[in-house]
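Keep in mind the model is a prediction, meaning the values are calculated, not measured. Chain letters run A, B, ... following the sequence lines, proteins first and then strands; every chain starts at 1.
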Protein chains: 2
Amino acid sequence: MRVRLEEVARAASVSPKTVSRVLNDEANVSEETRKRVRAAMEELDYRPHPSARSLAGNRSFVVAMLYDNNDNPASTYLAEIQDGVLEACDAHRYSMMVRPLRMRGDDFIRRLDALISDHHPDGVVLTPPITDYAPLLKRLRERNVPYASVSPQSDTSIGVRMDEQAAARAIVEHLLGLGHRRIAHVLGIADHGASRWRLAGYREAMAAAGVPEDPALVVQGAFTFGSGVTAARELFALKQRPTAVFAANDDMATGVMWAAGEYGLKVPQDLSVCGFDDTPLARQLWPALTTVQQPSREMGRIAAQQLLNLLRGRGTGELVQMPFSLQIRGSTARVS
Amino acid sequence: MRVRLEEVARAASVSPKTVSRVLNDEANVSEETRKRVRAAMEELDYRPHPSARSLAGNRSFVVAMLYDNNDNPASTYLAEIQDGVLEACDAHRYSMMVRPLRMRGDDFIRRLDALISDHHPDGVVLTPPITDYAPLLKRLRERNVPYASVSPQSDTSIGVRMDEQAAARAIVEHLLGLGHRRIAHVLGIADHGASRWRLAGYREAMAAAGVPEDPALVVQGAFTFGSGVTAARELFALKQRPTAVFAANDDMATGVMWAAGEYGLKVPQDLSVCGFDDTPLARQLWPALTTVQQPSREMGRIAAQQLLNLLRGRGTGELVQMPFSLQIRGSTARVS
DNA sequence: CAGCGAATTGACAGCGCTGTCATCCGTGTC
DNA sequence: GACACGGATGACAGCGCTGTCAATTCGCTG
């Protein structure tokens with residue numbers, strides 16, 4: 001049968017309660033006792049029973065990662081975040097549960113409640129685009145479930161964020177520095193924070209360079225490869241074509257490059273293209289895509305880390321700022 | 001405070017044990033009592049406490065989905081399977097836990113043991129390529145953890161499988177039917193079942209059509225976009241170029257189309273290309289990709305379903321055969 | 001060296017369910 | 001009509017931990 005806490009206690013000649021204290025890193029255990037107990041645990045290869053801990057301690061040791069499976073940005077993005085969250089949870093012996101949660105639908109709150117009642121997560125990690133949905137945040141607070149967010153729009157949450165606007169500005173400045181003036185922008189899905197920030201950065205850079213905004217150069221996309229193709233066709237049909245395109249993510253940038261091929265435009269000679277995210281694809285393309293590195297996995301890890309700090313009583317958690325870095329590659333070149 | 005089983009019992013005027021029986025769909029409860037108890041549960045919005053159930057019943061109601069995060073085929077593939085597994089688990093109020101598990105490394109068994117001891121999954125779902133790793137299966141059996149597989153190579157497991165060889169044969173026959181004879185094949189990662197079956201189907205179709213095999217037309221890939229590009233360049237450098245390419249998955253097929261663009265080859269006029277999987281990308285490409293639809297999400301759901309049947313004592317689970325279907329689209333055309 | 005507060009440790013009940021086994025009841029049998 | 005039998009129900013203990021609170025020990029003060 002499995003080793004129980006009681007046996008560890010016997011082996012270390014202490015009471016079960018003391019072993020419990022060591023297990024939970026509680027205060028008021030002498031250093032010497034702590035060592036002896038740890039040794040006994042090790043010796044017996046003791047594994048606490050999660051359900052028993054959960055039942056007695058009224059906590060589940062479960063972190064739920066919530067995402068919107070309706071219009072998720074890109075599955076690889078979520079998969080990477082998930083990986084990071086998992087890593088952080090593992091480090092503290094929490095388990096991770098992933099839960100899709102569509103925001104549309106009036107039974108949204110009911111579904112959220114069911115999720116909480118059925119699984120009792122100690123906390124949740126929110127991923128774009130459900131980081132800022134007010135009814136969601138409100139309900140979590142009402143039910144007293146702590147949360148941390150990846151790339152929240154408001155800065156009242158704890159979690160992690162990159163200065164996407166500054167990054168977007170920087171990449172557009174890179175294009176400007178190469179002599180481009182007719183720079184187009186392909187938007188992401190409306191009201192996603194990512195879309196807003198990247199557009200804002202684009203505008204900021206253009207304005208700072210004194211280039212008047214041309215509305216025809218800002219076209220709608222939806223974060224997908226296909227939408228990038230469509231948007232690019234629209235741009236290429238213009239009487240005065242752009243010499244460079246900044247797409248709000250790599251998938252769309254890839255679509256733009258694809259469409260360029262259709263139109264016989266060589267990248268980067270005839271058209272510079274850049275994206276955002278630095279997905280694995282970006283490096284595999286030829287020419288490789290100039291983009292902004294967004295370390296999704298790392299961001300997932302950090303967001304979960306902040307949540308866990310909170311749950312484990314190690315401070316209150318903060319909103320960590322990630323540095324960004326431009327990946328200048330072959331898809332952008334001096335305007336000809 | 002939360003509603004407990006005891007209160008449901010009181011409301012229905014039965015003993016707690018009877019409510020428990022109803023909750024677990026056990027036998028020996030009169031239909032009338034069952035109804036009364038169900039009504040009381042509904043009325044009080046009763047939610048059983050998973051940890052208490054788990055502790056008392058010696059089962060966790062957790063299904064772990066294992067995957068190899070080392071060389072996973074494509075993250076979107078796994079994400080879809082995960083979605084399906086989750087759906088099946090939800091339907092029976094099981095929770096799903098996702099666990100990466102690298103097979104390389106000599107501490108593999110130790111990591112598996114830790115996973116089992118720490119989380120006590122009632123069963124696991126295995127995904128390619130770890131569906132047939134003998135030490136894994138052996139250990140699971142030793143520790144008495146039931147499992148179901150998605151696309152296992154051997155047919156001793158329960159789970160779900162598509163006849164990939166027949167599908168590959170069918171798609172190559174489609175190319176042959178269009179008059180192609182110099183048909184190339186881009187392989188997946190060695191010893192993945194998917195690679196073997198798809199190659200076998202290719203050979204079968206070619207042999208049946210009496211086309212002698214040309215080793216130069218079968219090149220190595222690795223299931224990634226980049227490897228497709230590389231493989232295609234190799235093929236295009238041949239003195240006698242293929243008129244069609246069957247890539248072992250869509251990502252590589254996309255790479256082939258990309259490389260075709262580089263070489264000034266028009267798809268499908270100069271080159272027919274087809275893939276395997278029917279990823280979302282396949283439809284977004286232009287021309288859209290001819291491919292085999294592999295319903296990953298559905299397969300994940302079915303594999304989990306078989307496992308749950310077993311866990312819930314509803315039969316022993318089987319190895320379900322999925323039908324395949326060709327998606328003939330714009331990337332393949334009659335040889336010119 | 002008595003006396004006191006803080007640090008350390010332990011006894012015990014109980015978290016919310018289910019397994020085991022006893023009990024009860026209605027039906028069929030000869 | 002006595003008895004056996006199987007279906008339906010309930011009593012009770014206990015799953016493996018932690019919360020609460022009491023007991024003990026220790027170090028220090030005057």
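Residue Ser20(B) has its side chain nearest to dT18(C) when only dT9(C), dT18(C), dT9(D) are considered. Residue Lys17(A) places its side chain closer to dG19(D) than to any other of dC17(D), dT8(C), dG19(D). Residue His49(B) has its side chain nearest to dC17(C) when only dG14(C), dG19(C), dC17(C) are considered. Distance from the side chain of Leu5(A) is smallest to dC17(D) among dC17(D), dT18(C), dG16(C). Residue Ala56(A) places its side chain closer to dG14(C) than to any other of dT9(D), dG16(C), dG14(C).
A donor N or O paired with an acceptor N or O is not found under 3.5 Å between the base of dG16(C) and the side-chain atoms of Arg47(B). For Arg21(B) against dG10(D), a side-chain N or O and a base N or O form a donor-acceptor pair under 3.5 Å.
In this structure, CZ of Arg36(A) is placed 11 Å from C1' of dT9(C), rounded to the nearest angstrom. Rounded to an integer number of Å, the gap from Glu6(A) CD to dG14(D) P is 13 Å. Atom CZ in Arg10(B) sits about 14 Å away from atom P in dG10(D), given to the nearest Å. One atom, CG of Asp118(A), and another, P of dC17(C), lie 12 Å apart when rounded to the nearest Å. One can place CE of Met41(A) at 16 Å from P of dG16(D), the figure rounded to the nearest angstrom. The interatomic distance linking Leu55(B) (CG) with dA13(D) (C1') rounds to 13 Å, in whole Å. Rounded to whole angstrom, the span from the CG atom of Asn28(A) across to the C1' atom of dA23(D) amounts to 15 Å. In this entry the distance linking CZ of Arg2(B) with P of dG14(C) reads 19 Å, nearest Å.
Relative ring orientation between His120(B) and His49(A) is described as parallel, the plane-to-plane angle staying below 30° on a 0-90° scale split at 30° and 60°.
Between Glu26(B) and Ala52(B), the residue anchored closer to the 5' end of DNA chain C is Ala52(B), taking for each the nucleotide with the nearest heavy atom. Heavy-atom distances to DNA chain D give each of Arg4(A) and Arg59(A) a nearest nucleotide, and the one nearer the 5′ end belongs to Arg4(A). When the nearest nucleotides of DNA chain D are assigned to Glu32(B) and Arg53(A) by heavy-atom distance, the more 5′-ward of the two goes with Glu32(B).
When the side-chain nitrogen and oxygen atoms of Asn24(A) are compared with OP1 and OP2 of dT18(D), one or more of them lie within a distance under 4.0 Å. Contact annotation: Ser30(B) reaches the phosphate of dT9(D) (side-chain N/O to OP1 or OP2, under 4.0 Å). Between Tyr46(A) and dC17(D) there is a side-chain N or O to OP1 or OP2 distance below 4.0 Å. Within the structure, every side-chain polar atom (N or O) of Ser15(A) is placed at least 4.0 Å from both OP1 and OP2 of dT9(C).
Within the nucleic acid shown, Thr33(B) comes within 4.0 Å of sugar-phosphate atoms alone, with no base atom in reach, counting heavy atoms only.
The shortest heavy-atom contact between Pro152(A) and Arg161(A) is O-NH1, 3.0 Å.
A donor-acceptor pair shorter than 3.5 Å cannot be found between the side chains of Tyr133(B) and Arg139(B).
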**Request:** Give the C-alpha distance, both sets of side-chain angles, the deciding distance and a yes or no for salt bridge (Lys or Arg N to Asp or Glu O under 4.0 Å) between Glu298(A) and Arg301(A).
**Result:** CA-CA 5 Å; Glu298(A) 188 65 4; Arg301(A) 202 181 60 70; 2.9 Å; yes

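To the nearest 0.5 Å, atom CE of residue Met299(A) and atom OH of residue Tyr77(A) are 5.5 Å apart.
When each of Lys35(B), Arg34(B), Arg36(B) is tested with Glu32(B) by the rule salt bridge (charged side-chain N to carboxylate O under 4.0 Å, His left out), just one qualifies, namely Arg36(B).
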